[in-house]
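Naming convention: chains lettered A, B, ... in sequence-line order (proteins, then strands); numbering from 1 in each chain. All values below come from the heavy atoms of this structure, side chains included, with hydrogens, waters and symmetry mates left out.
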Protein chains: 4
Amino acid sequence: MTKSGFAKEHLKSFIERIERLEEEKAALAADIREVYSEAKGTGFDVKIMRQVVRLRKLDTADRQEQDAILDLYLSALGMGRE
Amino acid sequence: MTKSGFAKEHLKSFIERIERLEEEKAALAADIREVYSEAKGTGFDVKIMRQVVRLRKLDTADRQEQDAILDLYLSALGMGRE
Amino acid sequence: MTKSGFAKEHLKSFIERIERLEEEKAALAADIREVYSEAKGTGFDVKIMRQVVRLRKLDTADRQEQDAILDLYLSALGMGRE
Amino acid sequence: MTKSGFAKEHLKSFIERIERLEEEKAALAADIREVYSEAKGTGFDVKIMRQVVRLRKLDTADRQEQDAILDLYLSALGMGRE
DNA sequence: CTGCCATTTTACCGGC
DNA sequence: GCCGGTAAAATGGCAG
């Protein structure tokens, strides 16, 4: 097989892996929509719920940043958590 | 437990389910990025790859749309597939 | 006139241009709705018509995407159309 | 020409009118984007500008509603503006 | 750090 | 008049 023939197969493999992963990702997105929908059916306000999720994500990010900073300080003091 | 206490638990449960799913989704996104990165390391052009993936998705969407339109026409003619 | 006074005027001008354009855009949206409505009055199914329009748009987008991909490949091969 | 042949032409005409209008609408959307872009180049914050536009639109809607209510009251009192 | 692209969110339109 | 779904806008994230 020629070199480019090999490359072609390789490319095809990459593309297919990506498409497989994107499919799973889309399935999860569908699941999430479904949960929101279910919540809505139980009387919750979806728009507000989305805000809650977003805020909690931000908080998490902040906390992780704080953790990272703490690690940095500890390392600087030769007290790394390992 | 009061009614609102119950609602609170219920909401918490919904939120947690969503957050769990979003985590998985984010993990998949990371996987996808990694595949692109790996492909790049093998010499492929990521920009082109993305376009290939997008085009293939578009083709699929197109086909589905054609199907949908056929269904609609059939329904409109009282010949729905049931 | 102060510098910020100038900026204020400038901003006002931008905003007004945008609002004027959005007005025109809204007018066109109204026109489109009217055409659909007229078609409906002539016995056509609006839902199907919308799908037809969507499909034709998709086809166009698809063709443009194919063109874009071709350009990319040519560029990647150092054979850009220039 | 048969009746359905006529309908076909009629439908085609509707579709084409719609597509023409949508093209113009898309062109305006592009113009708007361009104005934002220009404003950005002059140092304005696009995100804020969008908020401004949105708020002013709401105000307008409110004002129109107020006007409508006023008309209603005046009419009820036999004092229509006419 | 900038521009582009994907995802998300908002608004609209038709149907029930 | 509301609801569901669909299109448009807007925000956020990633590559270059």
Do A:Phe6 and A:Leu11 belong to the same hydrophobic cluster, where Ile, Leu, Val, Met, Phe, Trp and Tyr are linked whenever their side-chain heavy atoms lie under 4.5 Å apart, directly or via other members? no

Please list every donor-acceptor pair under 3.5 Å in which a side-chain atom of residues 38-50 of chain D meets a protein atom from a residue at least two apart or in another chain.
| unit_1 | atom_1 | unit_2 | atom_2 | d |
| --- | --- | --- | --- | --- |
| D:Glu38 | OE1 | C:Arg17 | NH1 | 3.4 |
| D:Glu38 | OE1 | C:Arg17 | NH2 | 3.1 |
| D:Thr42 | OG1 | D:Glu38 | O | 2.8 |
| D:Asp45 | OD1 | D:Lys47 | N | 2.9 |
| D:Asp45 | OD1 | D:Ile48 | N | 3.1 |

Roughly how many Å is it from CD in C:Glu65 to P in E:dC4, rounded to a whole number? 15 Å

Taking only residues two or more places apart in sequence or in another chain, which ones pass salt bridge (Lys or Arg N to Asp or Glu O under 4.0 Å) with A:Glu16? A:Lys12

Provide, to the nearest angstrom, the distance between the CG atom belonging to B:Leu72 and the P atom belonging to E:dG14. 15 Å

Global bending angle along the helix from E:dC1-F:dG16 to E:dC16-F:dG1, which compares the axes of five pairs at either end, to 10 degrees: 10°

For DNA chain F, find the residues of residues 23-56 of chain B with a heavy-atom distance under 4.0 Å and give them by number; none if there aren't any. B:Arg33, B:Lys40, B:Val46, B:Arg50

Side chains of residues 55-69 of chain A: which donor-acceptor pairs under 3.5 Å do they make with residues two or more places apart or in other chains?
| unit_1 | atom_1 | unit_2 | atom_2 | d |
| --- | --- | --- | --- | --- |
| A:Arg56 | NE | B:Glu19 | OE2 | 2.6 |
| A:Arg56 | NH2 | B:Glu19 | OE1 | 2.9 |
| A:Thr60 | OG1 | A:Arg56 | O | 2.8 |

With sequence neighbours left out, write down each residue that passes salt bridge (Lys or Arg N to Asp or Glu O under 4.0 Å) with D:Arg20, or none if nothing qualifies. D:Glu24

Drop me the distance from B:Ile15's CD1 to B:Glu22's CD, to the nearest 0.5 angstrom. 10.0 Å

Given 3.5 Å as the limit, does a donor-acceptor pair link the side chain of C:Ser13 with the main chain of C:Glu9, or not? no

Qualifying residues under side chain to side chain contact (heavy atoms under 4.5 Å, CB included), relative to A:Ala27, sequence neighbours excluded: none

